A.B. asks: 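Right, I'll just put the structure down here and ask away after.
One-based numbering, in listed order, for ligands and for the atoms of each. Note that the structure is predicted; figures quoted are calculated from it, not measured.
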Amino acid sequence: MTVYVYDFAQGNKDQKDLLGGKGANLAEMTNLGLPVPPGFTISTDACRAYLAAGTEPAELAEQVTERLSALEETMGRRLGDAADPLLVSVRSGAKFSMPGMMETVLNIGLNDESVHGLARLSGDERFALDSYRRLLSMFGSTVLHIDSEHFSRALDAAKSARGTTADLDLDADDLRALVETFKQIIRDQAGREFPQDAREQLDLAVRAVFNSWNTDRARLYRRRERIPEDLGTAVNVQTMVFGNFGMDSGSGVAFTRDPASGNQGVYGDYLQNAQGEDVVAGIRNTVSLADFEQLDKTSYDDLIAIMAQLENHYRDMCDIEFTVERGKLWMLQTRVGKRTPGAAFRISRHMRDEGLIDADEQLSRVTGPQLASLMFPRFDANAEKTLIATGMNASPGAAVGKVVFDSPTAVAWVERGEDVILVRKETNPSDLAGMVAAQGILTSRGGKTSHAAVVARGMGRTCVCGAEALDVDVEAKVVRVRGGGELREGDVISIDGATGEVFAGAVPVSPSDVVRYFEGEDVDADVVRAVEEVMGHADSRRRMKVRANADTAEDAARARRFGAEGIGLCRTEHMFLGDRRELVEHLIVAEDAAGQEAALDALLPLQRADFAGILEAMDDLPVTIRLIDPPLHEFLPDYTELSVKVALAEAAGGADEHDVRLLDHVRRLHEQNPMLGLRGVRLGIQIPGLFVMQARAILEAAADRIEAGGTPLPEIMVPLVASVRELDVVKRDILAVAEEVQAARGVEIDVKVGTMIELPRAAFLADRIAASAEFFSFGTNDLTQMAWGFSRDDVESAFFSKYFEHGIFDVSPFESLDQRGVGGMVEMGTQKGRATKPDLKVGVCGEHGGDPVSIHFFETVGLDYVSCSPFRVPVARLEAARAVLGTDA
Ligand code: PEP
Ligand code: MG
């Protein structure tokens, strides 16, 4: 027989899966001998069984009866007894706290009879009636789904009839009338009587808690917090103690340290003559714990002693709910408290100094996302803001600037000293210069792996994308805001990349102390010391290396300051934009080999200079340079635009000869599915000179570095390989160039040639490919795209919201690795590769390389390194170490 119901004395704090967080901690406190009102917990197993079958498991009722009898025995009272009633609370408590998401019903066991019993027993009729009306409204709204507005309106009416706004001014007569009104509301709204049978109240309340697991807001919350859908909640049934028993009673919340700053010292709020929900609801002003000491020294001293005991026992900051009933302190809840990112770093450092925890524990207590949030400049929390739209939080940060609609304007305005936000429908590679120049990027379309998002994250640039309430008209240079208003070029806006919010006007911003520290500034702040200490330990604990995705010498240098141990992905396509685009055009329209060669010759010195800068910034560290990947038409004018231009010119008497020729080529290169077209290694095979030129530029730059006394470690990476034969074809040329350059320059270059594994076929045939590759780097962006058949540029904004709604996934597979599917290929590819070459170096350079959850997965697969954008490098260092400790991401 499955046990579904556990006495508080039967559990402990490590049983959160079974008893939920609240239940496990109530059990722990009970066993510590703390004053916890007795009760029992109905397990998450029961909830899951209920949710699966749509009805309570057969054994539950009997097990509840058994536990309830034991409780009645202990308390010497019976539930719902007319003369001497036992009253209980019914509260939800899932494994992970979901504040405000699920249900609570207090004072179960009161009815028309027992309310008199309670009045006599307490000698306080007002109190008994007040408790009853609370039960009626909570039961009505939670169990019978009556809009709580009905009850609050009736309560307000009673108060205004009394000429007051305070609950405490209502006397017993008022409350007696209110009880009748509430019962009538239940009759009218639910079409049934309030159940007078106490056990029926209890059973219905338990069922309501089970059901509350699946309310819309609970599902939404879980999705946001990445809490699995199938955990279910436990239900805690606990003897009531009353904070509303008069002025010598009350309820409070407390923290053993300040959860906002991390400062040492207790911290909390207390409300006299109130039940717990009054404290949170803010209906009256609470007082501080210092004032509580003045009101009730004995209870205060007890509380402080218990808080110290709990913090020592949990070895962490605890948050606590307590009630004082007629001068006696009761503990209703404790748990390891939520805290701000800054407080997390500071508290873990202080606790280590205090000897409560060791360095590994300190490391496990802070997370990558917390570190990331300390690294962004932020909007001043107290500033006034006017929200005009909300999009996707694509790349965090707080940016303020003038609206511009195109890349050249962005560059020009920034050159004259302005801050700008580049606003586009969506971005493409030709917007890069503007994206670099702008403080932030705002698009009305596209998801978190759209071009804008990926590039912005790479540069640490703030980006909000897919703000669909904005109609961006680039031609007319106007943004029409759904719901009214418009923005024109030059209007100032502020975008919050951490929340996706877009505000009108300038919101004040403060820079991050932690970034100033990583950049090498001497910053005197406790939180910075805490970060420094944790990072030092993380670096000593992690197994995987952390590299950066960087395409410029500046990014490479910053990545190195942030702790990168090399470059895992230098995307070279960005080097073919701007002025150089024309050279690519020449390459494509060249009539013969000589024309092509001339174009490539012109590109060579430019490329060499690009690589020289990066190799210098990363001297003595490996630099993986990927040969050009995107289809060439991305570097050509838009097909439709050029067709129109030529057609118009022809109609007007004759088109430019160059345009006509160009149009021919653009037409020839036009593809329906460019992501599946002439890109990556296919391009290298189609136009061999291109890869050869790049390889030459890399090797010559390396030779220059060696001559200058440096130690370049270039790794040439071939993209989009599906067959070892493809790799062999281009590798032969690359090795020939390497021979030639080394011979000509009289130097020996430590160069490796490897490949990306970003197509399913490559993962399946990794054993064969490894024979020709000196390293693998998993391109999990393309691997995700190709494995799911999801166009990475389109699907997120197109239909992912429906996928989330249906629980097909909790998080975008472009953001956090789909471990079962795509992760399976990474694992298989790694194993197969190493089966051929046991010491094959294997890394990952897709966006997932900077995602904490994915990093933990890569640790289990045994990758040698992860590579991510420079700004994520510290986060990856931290998470790679936490993964070694086996801590949850
Ligand atoms: C990838 O596909 O994961 C990758 C790193 O390459 P890109 O994003 O440039 O296609
Ligand atoms: Mg790719």
A.B. asks: Out of Asn781, Val844, Leu783, indicate the one that has the non-hydrogen atom closest to atom 3 (O) of ligand 1.
C.D. replies: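 Result: the heavy atom closest to atom 3 (O) of ligand 1 is in Asn781.
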A.B. asks: Answer yes or no: is there a donor N or O on one side and an acceptor on the other, between the side chain of Ser444 and the main chain of Gly466, under 3.5 Å?
C.D. replies: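 Between the backbone of Gly466 and the side chain of Ser444 there is no qualifying donor-acceptor contact (under 3.5 Å).
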A.B. asks: Does NZ or CZ of Arg547 fall inside the cone over Tyr865's six-membered ring, less than 6.0 Å from its centre and within 45° of the axis?
C.D. replies: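 Here Arg547 passes the 6.0 Å and 45° test against Tyr865.
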A.B. asks: Is Thr780 reaching over with its side chain to a backbone N or O of Leu783, donor-acceptor style, under 3.5 angstrom?
C.D. replies: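 No.
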A.B. asks: How does Gln785 reach ligand 1, by side chain, by backbone, by both or by neither, if only non-hydrogen atoms under 4.0 Å count?
C.D. replies: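 Near ligand 1, Gln785 shows nothing, with every heavy atom at 4.0 Å or more.
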A.B. asks: Record the part of Asn549 in heavy-atom contact with ligand 1 below 4.0 Å; permitted values are side chain, backbone, both and neither.
C.D. replies: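 It is neither; nothing of Asn549 touches ligand 1.
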A.B. asks: Heavy atoms only: give me the nearest Leu720-Leu759 pair and the separation to one decimal.
C.D. replies: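 Shortest heavy-atom separation between Leu720 and Leu759 comes out as O-CD1, 3.4 Å.
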A.B. asks: Just jot down the ligand 1 atoms closer than 4.0 angstrom to any heavy atom of Gly779, in number order.
C.D. replies: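 Atoms satisfying the 4.0 Å criterion: 1 (C), 2 (O), 3 (O).
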A.B. asks: List every atom of ligand 1 that sits less than 4.0 Å from any heavy atom of Asp629, numbering the atoms from 1 in the order shown and giving each element.
C.D. replies: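 Near Asp629, the atoms of ligand 1 are 10 (O).
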A.B. asks: Keeping Ser395 on the side-chain end and Arg461 on the backbone end, is there a donor-acceptor pair under 3.5 Å?
C.D. replies: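 It does hold such a pair.
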A.B. asks: Taking side chain as C-beta onward, heavy atoms only, is Met675 less than 4.5 Å from Ser791?
C.D. replies: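 The answer is no; the side chains never approach within 4.5 Å.
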A.B. asks: Does ligand 1 have an atom under 4.0 Å from some heavy atom of Arg626?
C.D. replies: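 Arg626 counts as a contact of ligand 1 under the 4.0 Å cut-off.
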A.B. asks: List every atom of ligand 1 that sits less than 4.0 Å from any heavy atom of Cys845, numbering the atoms from 1 in the order shown and giving each element.
C.D. replies: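 Near Cys845, meaning under 4.0 Å from one of its heavy atoms, ligand 1 has 5 (C).
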A.B. asks: For the Mg ion (ligand 2), find the closest N/O/S atom on Glu758 and give its atom name.
C.D. replies: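 So the atom name we want here is OE1.
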A.B. asks: Would Asp782 count as a contact for the Mg ion (ligand 2), in the sense that one of its N, O or S atoms lies under 2.8 Å from it?
C.D. replies: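 Under 2.8 Å: Asp782 contacts the Mg ion (ligand 2) through an N, O or S atom.
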A.B. asks: If you take all heavy atoms of Ile769 and Ala722, which pair is closest and at what distance?
C.D. replies: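 Closest heavy-atom pair between Ile769 and Ala722: CD1-O, 4.1 Å.
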A.B. asks: Could you tell me whether a side-chain N or O of Asp629 sits under 3.5 Å from a main-chain N or O of Pro719, the two making a donor and an acceptor?
C.D. replies: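 A pair under 3.5 Å: no.
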A.B. asks: To which of Glu573, Arg792, Glu758 does the heavy atom nearest atom 8 (O) of ligand 1 belong?
C.D. replies: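 Among Glu573, Arg792, Glu758, the closest heavy atom to atom 8 (O) of ligand 1 comes from Arg792.
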A.B. asks: Just jot down the ligand 1 atoms closer than 4.0 angstrom to any heavy atom of Leu569, in number order.
C.D. replies: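 Checking each atom against Leu569, I get 5 (C).
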A.B. asks: At under 4.0 Å between heavy atoms, which part of Met756 makes contact with ligand 1: side chain, backbone, both or neither?
C.D. replies: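 The side chain, only.
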